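Lettering follows sequence order; numbering is per chain, from 1. Only a predicted model underlies this, so the values are computations on that prediction, with no experimental measurement involved.
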Amino acid sequence: MKFTLSWLKEYIDVAIEPQVLADHLTMLGLEVDSVDRLNEHLAPIALARIEDVQPHPDADKLTVCSANVNGEILQVVCGAPNARAGMITAIALPGTTLPSGMKIKKSKVRGVKSAGMFCSEIELGIGDDQSGIIDLPADTDINGTFIQAMDLDDTLIEVDLTPNRPDCASVVGIAREIAGFTGAKMHLPVKQIPVLSNANVPFTVKVEDAACPRYTARLLKNVTVGPSPWWLRKRLVAVGLRPVNNVVDITNLVMLGMGQPLHAFDFAKLKDSAIVVRTARKGESIETLDGGKRDLDEDMLLICDSEKPVAVAGVMGGANSEVSDSTTEILLESAYFDPISIRRTARRLNMSTDASYRFERGIDPEGTQKAMERAVELLVDIAGAEVVEDGYDVCGDLPLSVCINLRVSRTNSLLGINLTAVQITKYLQDIELAVSQKDDDTLTVCPPSFRVDLEREVDLIEEVARLEGYNDIPTSHPTVPLTFSEQQHGRDFHDQVATIMCTLGFYETITYSFISEKLIDMFTPGQDSVKLMNPLSEDQAVMRTSLLPGLLDSARRNLNQQNTDFRLFETGKVFLADSDVTVQPTEKIHLCAVMNGRRHPGAEELYFGMDSGDFFDMKGSVEQLLRELRLDGIVSTIDSEQSNPLCSAFDPALSVAFGANGTVIGGYGRIEKNILMANEIKHELLGLYIDLDALLALQSQAKQFKSLPKFPSVRRDVALLVPDGTPAGDIIEAVKESKEKLMENVAIFDIYQGKSIKAGYKSVAFSVLYRSPTKTLKDKQVDKVHTKIVNRIIDRFNGTLRTD
Amino acid sequence: MFVCTLPLFGKGGFYTLINFICRLRILVSLNMEEELLRLKDEALATLDGLSDPAGLEPFRVNYLGRKGQFTLMLRSLGSAPPEERPKLGKLSNQIKKELENAYTAKQAALQSIQLTTATAGGLDTSLPGRSIPFGKRHPVSQVMKEVCAVFESLGFSVAEGPDVELDYYNFEALNIPQHHPARDMHDTFYVNEGVLLRTHTSPMQIRTMENQEPPLRMIAPGKVYRCDSDITHTPMFHQVEGFLVDTHVSFADLKGVLSIFCQKMFDENIKLRFRPSFFPFTEPSAEVDIGCVICGAKGCRVCKQTGWLEILGAGMIDPEVFKKVGYDPEKYSGFAFGLGIERIAMLKYGIDDIRLFYENDLRFLSQF
């Protein structure tokens with residue numbers, strides 16, 4: 001809601017600085033968005049009285065004028081057709097910059113010197129008129145400034161209205177709020193409201209639908225349609241409305257001033273001089289004033305003549321009954337429409353107008369006639385209209401304002417304050433609420449008709465709080481029983497996972513929950529997804545079923561920014577749709593990570609070199625994560641022949657699936673090349689994917705102390721030659737499984753192929769640690785066990801002892 | 001050296017020798033004490049004069065080593081008269097300890113000098129340290145944790161709830177019926193007529209109250225969605241919604257709890273103001289502003305010259321909401337509040353474009 005200070009002053013005497021006023025309004029719940037001094041940039045524009053006009057010697061359409069500017073006679077070349085001697089107009093002198101950015105300089109126009117430029121409204125950005133230069137009244141004081149002459153000094157205030165305060169969508173409404181805290185007197189356009197009779201009027205109004213509980217209409221004749229006077233145009237332009245003609249401008253002015261939308265029909269265009277308020281018929285359509293053709297639904301409320309729609313009720317008029325320059329008779333409508341009906345129609349037609357905004361929030365049900373009379377008065381004054389006596393005032397079931405009981409005790413306890421009935425009464429009366437004492441603790445409060453938001457006791461309590469001032473309400477702390485605060489299941493776990501990932505060098509990312517539909521099949525073939533009805537773009541049309549597309553997107557972004565060394569991860573929800581779309585999808589929390597580039601991104605090249613991370617870096621990260629979560633003994637590698645959706649993006653040639661109890665819960669490895677290509681990534685990324693919900697469901701290993709060993713261990717190293725394809729991990733597993741009591745640990749320390757190793761074989765060197773819990777081992781004892789184990793491994797893996 | 005410097009040996013005969021030995025015993029005990037002290041002074045002076053760590057080792061060998069002067073002297077203690085030996089023993093132990101301490105202290109002193117001298121001893125200590133960098137949590141996660149921690153410290157529980165929500169929980173039950181103008185405040189993504197992406201985490205109020213009786217203190221952090229995208233809006237962002245319900249909870253209590261929050265999140269002396277606003281699920285409703293943290297409440301572009309920044313929406317839970325979950329609004333009262341995590345992160349860290357949060361550029365992520 002925008003208004004100017006000058007407009008406000010028409011309704012109330014305010015003598016407060018605009019910024020102070022704005023602060024007051026904000027603290028009353030009418031949040032002021034901006035306070036702007038208007039037209040400051042026009043200060044350099046001066047006034048000029050044209051003393052003489054001569055034709056330009058070299059151009060037919062130009063004149064050479066001499067003008068009196070600040071007592072000095074200047075020669076100005078002018079192209080305007082309306083320049084005449086004796087005219088007072090605006091002049092931009094050299095050095096002035098016009099709103100268009102044009103800079104005025106002393107110049108020669110077709111060989112004739114010009115010391116400035118006379119300006120039109122449009123050149124000064126104060127109106128649409130470009131027919132000629134501004135023509136000020138002859139009695140204008142040319143020693144004053146242009147801003148004074150045009151009465152342009154004003155302040156624009158914009159209030160961000162909350163939906164519960166439609167009464168403040170008018171200058172009068174704002175003035176009432178100000179009166180509430182300043183006590184200043186209001187000057188309402190006091191009108192004698194005539195009782196309208198439709199007995200002898202030359203038109204008919206028939207309301208056929210309950211969504212229009214009030215319809216007031218009057219007829220005006222001999223209207224001269226034309227441009228509005230300057231003061232009216234200025235007022236509309238200041239708040240961002242384009243002046244159209246005097247009739248339309250007056251209806252807009254009254255709407256903004258009083259909050260009641262009005263509509264003027266060209267009476268001659270109404271078939272049978274009839275107005276019928278009804279819902280649309282099947283297949284009906286209308287061309288609205290904005291030029292759009294609107295197909296109408298059968299529950300949309302219309303204003304019609306005897307055969308066709310002439311307006312979409314409360315939203316916009318029809319082109320077929322638009323007031324034009326040739327209009328001489330207008331039918332003026334001032335109505336109350338059902339908010340829900342208007343809102344539904346406006347939403348469905350995707351139209352939001354100043355009128356629909358007010359109707360759908362609820363205008364003053366008793367304000368129709370006041371606004372009508374104000375508009376009639378202006379039409380008579382400005383457009384020379386003659387008002388036809390009487391008119392229609394069809395009144396149905398208007399929403400009644402009800403009186404509400406307000407308990408003083410309840411008010412105080414809910415707000416944490418201590419006001420008396422007298423104080424509360426004063427507050428409420430200040431904003432025009434009628435208050436009477438019902439009993440010791442209870443006030444009966446009757447809100448005025450325009451406060452459609454006040455329906456319940458708690459609404460009044462809010463008014464009291466607002467008027468007391470939120471900042472004047474004391475501050476206290478609730479006294480509540482001590483209870484254990486339960487945290488969301490898994491919250492700590494997810495946090496722990498993220499922390500471990502960070503210590504492993506991964507940066508956390510957050511990507512959008514929606515992705516392009518085509519990615520669903522690429523990453524989770526066959527999975528049903530949740531589709532949005534109104535996505536912002538194709539790329540954000542469905543809820544993700546995998547975290548990987550988002551992470552690849554982040555990876556690509558970084559690669560494009562030359563951040564090629566990275567470890568990234570995200571933990572977040574994926575959405576797995578049910579075939580029944582009316583139920584909510586299953587939301588699961590997954591973890592996804594990708595890595596590229598150097599083994600340790602950001603680590604000193606001096607010490608860590610430029611080696612790229614590989615499969616084992618990802619494997620190590622996974623192992624470390626599981627170890628930290630105490631799940632290392634519980635989660636193990638799974639040979640998953642079937643393609644599991646969690647692993648479907650990994651290259652089968654270089655990836656591993658893992659899980660527990662036979663169920664896959666994740667995987668890691670190289671991401672499929674075609675997936676990377678499809679996401680415009682040329683690097684070979686390694687990925688990790690885990691169903692965190694499944695991981696959370698596993699029972700982690702309890703912490704259990706084991707006594708520290710009392711006796712020393714003995715290490716034996718051995719190198720075996722085994723056939724090339726033998727997984728070294730199997731050898732280690734086999735050693736572990738040997739169940740020799742003295743064997744404590746085994747670890748690979750070298751893999752070698754090359755010179756001195758026969759073809760088709762590789763050398764696997766590992767160390768075995770032996771220890772007895774009861775004594776210091778002697779070499780002989782160790783040798784015995786070690787030989788046994790080594791021989792067993794040699795047998796099992798077709799190996800030989802490496803002897804070189 | 002003491003023994004070798006004796007000039008008596010070559011001149012006299014046997015007697016002289018015997019005499020010498022007898023006299024020597026006395027002499028030795030006297031001289032040994034002197035010599036020990038002399039040796040101590042000499043060693044300390046040498047040590048004091050050292051300025052290069054390279055001199056430390058020769059010093060140690062010369063005085064304290066196995067064949068060092070001091071050790072040799074100790075060995076010769078046996079030649080002292082038996083009655084003198086305990087005294088000399090005590091003295092020599094004392095001196096040895098003293099010398100060792102002095103040596104250690106000098107060693108430490110020279111090493112620390114070395115560390116502060118870049119190229120001392122051939123090691124270039126100006127080279128970078130060696131470590132493997134950690135990754136970092138996303139700034140949104142960091143701020144989210146911080147916000148939650150304040151409320152958890154105040155005894156609030158945490159519950160998250162679904163992102164794809166029913167219209168009932170997101171709107172109806174929160175007193176936002178179909179065709180209510182308040183729905184304009186939420187540009188909603190719909191999945192179908194009754195299912196949508198939650199526009200706030202307030203549905204958790206309803207879900208919790210449906211299943212639990214007061215007293216309740218809870219926050220609901222999570223992602224929320226609105227179809228809006230520009231420099232200050234992303235279609236997905238993060239919110240923390242919270243509420244407290246019990247008998248006799250007042251607006252003054254709301255002010256108290258949210259004041260604590262703002263003080264802990266920003267500054268103990270932060271300027272605060274509460275002003276009326278409107279939310280369909282609270283009455284009275286409030287916006288909470290803090291003094292602009294960018295300009296120190298003087299007025300700048302970020303605070304639109306007002307000196308204030310909107311930080312929280314809040315209010316007393318509307319009786320209609322209590323009725324929906326079967327609470328008696330005459331018996332219970334409570335307050336609810338909500339805040340946007342990105343907005344707080346932007347203010348705290350001076351980030352000027354919300355879209356940066358979701359681009360995950362490492363140059364951005366690594367700053368927090």
### Message
Under a 3.5 Å distance rule, please check whether Glu241(B) uses its side chain to pair with a backbone N or O of Ala220(B) as donor and acceptor.
### Response
no
### Query
Within 45 degrees of the axis of the six-membered ring of Tyr357(A) and under 6.0 Å from its centre: does Arg361(A) put its NZ or CZ there?
yes
### Message
Taking side chain as everything from C-beta outward and backbone as N, CA, C, O, which of these in Ile260(B) sits under 4.5 Å from a heavy atom of chain A? Side chain, backbone, both or neither.
### Response
side chain
### Structural part of Leu197(B) lying under 4.5 Å from a heavy atom of chain A
side chain
### Message
Quick check on Asp23(A) against chain B: is it the side chain, the backbone, both or neither that has a heavy atom closer than 4.5 Å?
### Response
neither
### Whether over 12 other heavy atoms sit under 6.0 Å from Lys304(B) NZ
no
### Query
Does the pair Asp539(A) and Ser537(A) meet the rule for a side-chain hydrogen bond (donor to acceptor under 3.5 Å, both in side chains), with working shown?
CA-CA 5 Å; Asp539(A) 288 343; Ser537(A) 71; 4.9 Å; no
### Task
Could you check Arg273(B) against Asp289(B) for salt bridge (charged side-chain N to carboxylate O under 4.0 Å, His left out), going step by step and ending with a plain yes or no?
CA-CA 5 Å; Arg273(B) 77 175 185 188; Asp289(B) 297 341; 2.8 Å; yes
## Note on the structure
When rounded to the nearest 0.5 Å, the distance separating OG1 of Thr208(B) from CE of Met218(B) is 4.0 Å
### Task
Against chain A, label Gln142(B) side chain, backbone, both or neither, depending on which of its atoms sit under 4.5 Å from a heavy atom there.
neither
### Query
Of the backbone (N, CA, C, O) and the side chain (C-beta and beyond), which part of Pro215(B) lies under 4.5 Å from a heavy atom of chain A, both, or neither?
side chain
### Task
Pick one of side chain, backbone, both or neither for Asn560(A), based on which atoms fall under 4.5 Å of a heavy atom in chain B.
neither
### Task
Give the member of Leu154(B), Thr234(B), Val140(B), Leu166(B) that has the highest number of heavy-atom pairs under 4.5 Å with chain A.
Leu166(B)
### Query
What part of Met501(A) lies closer than 4.5 angstrom to a heavy atom of chain B: side chain, backbone, both or neither?
neither
### Query
Are side-chain heavy atoms of Ile132(B) and Phe608(A) found at a separation under 4.5 Å?
yes
### Task
Look at the rings of Phe261(B) and Phe151(B) and say which category their plane angle falls in: under 30° parallel, 30 to 60° tilted, over 60° perpendicular.
parallel
### Task
Can you tell which part of Arg599(A) gets under 4.5 Å to a heavy atom of chain B, answering side chain, backbone, both or neither?
neither
### Query
Given that the side chain runs from C-beta out, which part of Asp453(A) has a heavy atom under 4.5 Å from chain B: side chain, backbone, both or neither?
neither
### Part of Phe357(B) within contact of chain A (heavy atom distance under 4.5 Å)
backbone
### Task
Between chain B and each of Ile417(A), Asp553(A), Leu536(A), Val464(A), count heavy-atom pairs under 4.5 Å; write down the option with the most.
Leu536(A)
### Task
Quickly, which of Lys223(B), Arg198(B), Arg207(B) forms a salt bridge (Lys or Arg N to Asp or Glu O under 4.0 Å) with Glu165(B)? Name it, please.
Arg207(B)
#### Entry: Top contributor to chain B interface from Arg567(A), Gln19(A), Arg344(A) [non-hydrogen pairs under 4.5 Å]
Arg344(A)
### Message
Is Arg165(A) close to chain B through its backbone or its side chain, or both, or neither, when contacts mean heavy atoms under 4.5 Å?
### Response
neither
### Message
With chain A as the partner, which of Arg217(B), His238(B), Glu310(B) has the greatest number of non-hydrogen pairs under 4.5 Å?
### Response
Arg217(B)
### Residue His248(B) excluded, over 12 heavy atoms near NE2 under 6.0 Å
no
### Query
Does any heavy atom of chain B fall under 4.5 Å from the side chain of Ser413(A), the backbone, both, or neither of them?
backbone
### Query
Under 3.5 Å, is there a donor-acceptor pair between the Tyr470(A) and Glu287(B) side chains?
no
### Interchain contact, Lys531(A) with chain B, by part (heavy-atom threshold 4.5 Å)
backbone
### Task
May I ask you to check whether Tyr358(B) and Tyr512(A) place their ring centres under 6.0 Å from each other?
yes
### Query
CD of Glu31(A) to CD of Glu158(A): how many Å apart, nearest 0.5 Å?
10.5 Å
### Task
Side chain from CB out, backbone as N, CA, C, O: work out which of these in Pro535(A) comes under 4.5 Å of a heavy atom of chain B, or both, or neither.
backbone
### Task
Check whether Arg466(A) gets within reach of chain B through its side chain, its backbone, both or neither, counting any heavy atom under 4.5 Å.
both
## Note on the structure
Okay, Asn558(A) and chain B: the region with an atom under 4.5 Å from a heavy atom over there is side chain
### Task
Find the distance between OG1 (Thr199(B)) and CG (Asn170(B)) and round it off to the nearest 0.5 Å.
3.5 Å
### Message
To the closest 0.5 Å, what do you measure between CG (Leu568(A)) and CG (Leu362(B))?
### Response
5.5 Å
### Query
Who among Leu551(A), Thr503(A), Ile340(A) has the most heavy-atom pairs with chain B under 4.5 Å?
Thr503(A)
### Message
If you count heavy atoms of other groups shown closer than 6.0 angstrom to OH of Tyr168(B), is the number above 12?
### Response
yes
### Query
Top residue by heavy-atom pair count (under 4.5 Å) with chain B, among Thr511(A), Asp459(A), Ile461(A), Leu606(A)?
Asp459(A)
### Message
Taking side chain as everything from C-beta outward and backbone as N, CA, C, O, which of these in Leu244(B) sits under 4.5 Å from a heavy atom of chain A? Side chain, backbone, both or neither.
### Response
side chain
### Message
Is any side-chain heavy atom of Val530(A) closer than 4.5 Å to one of Val542(A)?
### Response
no
### Query
Which one of Pro478(A), Gly362(A), Ser513(A) has the most heavy-atom pairs closer than 4.5 Å to chain B?
Pro478(A)
### Message
Could you measure the distance from the OG atom of Ser250(B) to the CZ atom of Phe335(B)? Nearest 0.5 Å is fine.
### Response
8.5 Å
#### Entry: Side chain, backbone, both or neither of Asp228(B) within contact of chain A (heavy atoms, under 4.5 Å)
backbone
### Query
Measuring heavy-atom distances to chain A, does Met316(B) have an atom under 4.5 Å in its side chain, in its backbone, in both, or in neither?
side chain
### Query
Donor-acceptor pair, Glu468(A) side chain versus Ile473(A) backbone, under 3.5 Å?
no
#### Entry: Which atoms of Ser131(B) approach chain A - backbone, side chain, both or neither, heavy atom under 4.5 Å
backbone
### Task
Identify which part of Ser285(B) has an atom lying under 4.5 Å from any heavy atom of chain A, answering side chain, backbone, both or neither.
both
### Query
Which answer fits Ser366(B), side chain, backbone, both or neither, if we ask what part of it has an atom under 4.5 Å from a heavy atom of chain A?
both
#### Entry: Side chain / backbone / both / neither for Arg556(A) at chain B, heavy atoms under 4.5 Å
neither
### Task
Check whether Thr479(A) gets within reach of chain B through its side chain, its backbone, both or neither, counting any heavy atom under 4.5 Å.
backbone
### Query
chain A heavy atoms under 4.5 Å from Arg137(B): which part of the residue, side chain, backbone, both or neither?
both
### Query
Is it the backbone or the side chain of Glu330(B) that comes under 4.5 Å from a heavy atom of chain A, or both, or neither?
both
### Heavy-atom contact with chain B under 4.5 Å, split by part of Glu360(A)
both
#### Entry: Heavy-atom side-chain contact between Val195(B) and Tyr190(B) under 4.5 Å
no
### Query
Checking heavy atoms, do the side chain of Asp246(B), its backbone, both or neither come under 4.5 Å from chain A?
side chain
### Task
Report the option among Ser554(A), Pro585(A), Gly505(A), Ser476(A) that has the most heavy-atom pairs separated by less than 4.5 Å from atoms of chain B.
Ser476(A)
